[in-house]
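Everything below concerns the one structure shown next.
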Amino acid sequence: MSGRRLILEALSFELVMTVIAVIALVIIIAPSLVVLIVSFTSGFSLRFPPPGYSLRWYVELWNAWQLHFAAKNSLIVALWATGLSVVLGVAAALAISRSQTLSARLLDSLFMSPLVLPALAFGLAALMLFSLVGLPVSPLTLVIGHTVVCVPYVVRNSVAALAQLEPTLLESSAVLGASRLYTFRRIVLPLIRPGIIAGAFIAFMSSFDNVPVSLFLRDAATDMLPIRMWQDLEGKLDVTIAALSGVLIIATVALVAVMERVTGLSRRLTS
Amino acid sequence: MGAAPASRDVTSYGMGLAAPLALFFLLFFVAPLLQLLWLSLHNDTAGLHWGLGQYLHFLTDPFSLGVLGSTLLLGAEVTAVCLVLGFPIAWLYQRVGPRLQTIIILIVLLPLLTSVVVRTFAWIVILGRQGIINATLQSLGIIDTPLKLLYTQFGVVIALAQVQMPLMTLPLITALGRIDPNLDDASCSLGAGSWRTFFRIVLPLSLPGVIAGCTLTYAAAITAFITQSLVGGGQMLFMPMYLYQQASTLQNWPFAAAISIIFLLAVLAVVSVFTTLGRLSRGYGWA
């Protein structure tokens, strides 16, 4: 094969791959930008580009008490579910991370299974169980349900962080006379903290955004934000929802930036 | 050290620490699913008569089978689109400097962390009758009447592909990062063109990542309740909405339970097919 043909081929290959990659990145980013721009419209419809710009729908959002109520519920449930996930998940990660036994691997599969099983089926199952034992739908049932689907993120990130921990550090600490608890508090915990924080962050975001489990485990008194938004959108296309989406997108970008600084989030998810 | 009993091993922790989460999962994950299975094996709503009636009903009903079939097909279409668009992103990621790498990762991560309702809502704005695509095509004079994009299979596939893209791209980036760059050069210096090197060297070696990405994308796409229902609209029915309607609106719990179990088994079957392929591909990768 001639050298010129190879160069032409290399150029065609790079061109095709780069063009597709750029198109894909635009497709990924475009929807968020579109919503952000539309949310500043001065009109009543979701036309793009908007006829003019104003903050009126953000002002409208300020008075939307139903959305405030749902957002508060979602926030409370997400905080409790994240807390519970961290306590249960980090303890489990310590137990299974260095063990090669069959039981450790089985437990690992069990703890990861909510990631692939349909969450809607689990939501229905949980509702059936709670109604069988007479536990009424409440923030408590929501926290329990969310913890099941959020804990895998904490376990996975903690296990990954523990895998990078040098065992010799623990041995040195013990040789120098530190107790196990002291070693955990002063050596293990600080070293795996970024992994735990990254896992907790993803668990929090997925709880705050959870629909399939909340759908079955909430009632009018525990209205959740994503469900409220979904139901509003099924009825009509509301520009207030665009403003709320704008707030959520900006908050997400800000949180991701902070997490990138604190935990190196992007490296954690690709290694 | 050899004489020290296992309990003195300071580098590992006892399995007891996993007990609280294991107990939590038994009570609130395994038990509910078992109860779901138990209820699905009853012919009446009250759960008094045992039988396979619910499953027979589903498997002999062309409507139900159609819903299952279109859901599985939807997953395949979304996975294919994600693979075709996601692979070049992962490839580009390995080609650029660290600063651009972080930007690419953050772009890829953004949909993963933005609310799914927000992402789906954006697609309604883009695909609607007065949406960006229709408005652009009309102002360019390419079409006279707006195209129907929302409430179509095409709309659902493209919206789901965007929503699930990180699940495909992240494992691919990891897999491509593990391939020795020298192999690329070796193949080229032996006279293979870039396309041939890609299909004969890079793609086979990245198969574990491709399979991991496909598994996650497929499972997420067929269970994506919100995007399916909002972009698909009332005309298109997929398994999650079918399940929800039977359980919530019609209160037919045993049938909803049977739908759940069939849906669960379908997901598990697809995941295990992908896992088997993954095991085979690792053998291929090392060969």
Side-chain angles (χ1 to χ4, degrees), chain A residues 1 6 9-10 13 17-18 20-21 24-25 27-29 31-32 34-35 38 46-48 88-89 91-92 94-96 98-99 103 107 110-111 116-121 124-126 128-129 144 148 167 170-171 174 205 209 211-212 226 229-230 233 241 245 248-249 252 256 266 269-271, chain B residues 10-13 15 17-18 20-22 24-25 28-29 31-33 35-36 39 85 88-89 91-92 102 105-107 109-111 113-119 121-123 125-126 130 132 162 165 170 173-174 191 193-195 219 223 225-226 230 240 243-244 247 256 260 263-264 267 271:
Chain A
M1 209 183 277
L6 275 182
E9 218 195 291
F13 176 75
M17 290 297 261
T18 310
I20 299 178
L25 288 171
I27 291 179
I28 293 176
I29 200 91
S32 301
V34 167
V35 167
V38 165
L46 294 163
R47 193 185 296 257
F48 189 93
L88 294 173
L94 287 172
I96 62 177
R98 286 189 191 279
S99 176
S103 57
L107 281 175
L110 174 67
F111 298 151
V116 278
L117 293 185
L120 205 65
L124 175 65
M128 286 175 177
L129 186 85
I144 292 173
V148 169
L170 305 186
E171 279 165 4
M205 297 302 271
D209 190 37
V211 171
M229 291 171 78
W230 171 59
L233 287 177
I241 298 295
S245 301
L248 291 177
I249 289 169
T252 306
V256 169
S266 62
L269 292 169
T270 51
S271 58
Chain B
V10 290
T11 61
S12 67
Y13 292 86
M15 288 299 281
L17 281 171
L21 187 60
F24 189 84
F25 262 58
F28 300 118
F29 183 65
L33 291 178
Q35 210 225 327
L36 192 73
L39 191 65
L85 293 179
I89 297 181
W91 175 86
L92 187 67
T102 309
I105 278 288
L106 292 180
I107 291 178
L109 275 183
L110 191 65
L113 298 166
T114 318
S115 161
V116 74
V117 186
V118 172
R119 282 177 273 163
F121 171 55
W123 281 104
V125 177
I126 293 172
Q130 295 188 339
I132 302 164
Q162 186 253 342
M165 190 70 83
L170 293 176
I173 286 176
T174 310
S194 297
W195 289 100
T223 55
F225 181 72
I226 289 290
L230 284 179
L243 194 173
Y244 180 64
S260 305
F263 191 30
L264 257 160
V267 174
V271 169

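Fair warning: this is a prediction, and the values are worked out from it, not measured in the lab.
- Taking the side chain as every heavy atom from C-beta outward, Phe29(B) and Leu117(A) approach each other to under 4.5 Å.
- Of the atoms belonging to Phe28(B), heavy atoms from both backbone and side chain fall under 4.5 Å from chain A.
- Both the backbone and the side chain of Trp195(B) come within contact range of chain A, with heavy atoms under 4.5 Å apart.
- In this structure, chain B has a heavy atom under 4.5 Å from the side chain of Leu248(A), while its backbone stays farther away.
- Ser103(A) approaches Met15(B) most closely through the heavy-atom pair OG-CE, 3.7 Å.
- Using a 4.5 Å cut-off between heavy atoms, Ile107(B) contacts chain A through both its backbone and its side chain.
- Only the side chain of Val256(A) comes within contact range of chain B, with at least one heavy atom under 4.5 Å from a heavy atom of that chain.
- Ranking Thr18(A), Ile29(A), Ile27(A) against chain B, the residue ahead of the rest is Ile27(A), based on heavy-atom pairs under 4.5 Å.
- Residue contact with chain A, scored on non-hydrogen atoms closer than 4.5 Å, involves the side chain of Thr223(B) exclusively.
- Only the side chain of Met205(A) comes within less than 4.5 Å of a heavy atom in chain B; its backbone stays farther off.
- Between Phe25(B) and Phe111(A), the shortest heavy-atom contact is CE2-CA, 3.8 Å.
- Looking at Val116(B), both its backbone and its side chain come within 4.5 Å of chain A, counting heavy atoms on both sides.
- At a 4.5 Å heavy-atom cutoff, the contact between Leu92(B) and chain A is made by side-chain atoms alone.
- Contact annotation for Leu113(B): both backbone and side-chain heavy atoms come within less than 4.5 Å of a heavy atom of chain A.
- Among Ala121(A), Pro31(A), Ala92(A), the residue with the largest count of heavy-atom pairs under 4.5 Å with chain B is Pro31(A).
- Residue contact with chain B, scored on non-hydrogen atoms closer than 4.5 Å, involves the backbone and the side chain of Val116(A) alike.
- For Ser99(A), the part lying under 4.5 angstrom from a heavy atom of chain B is the side chain only.
- Heavy-atom distances place no part of Pro212(A) under 4.5 Å from chain B, backbone and side chain included.
- In this structure, the portion of Thr252(A) lying under 4.5 Å from any heavy atom of chain B is its side chain and not its backbone.
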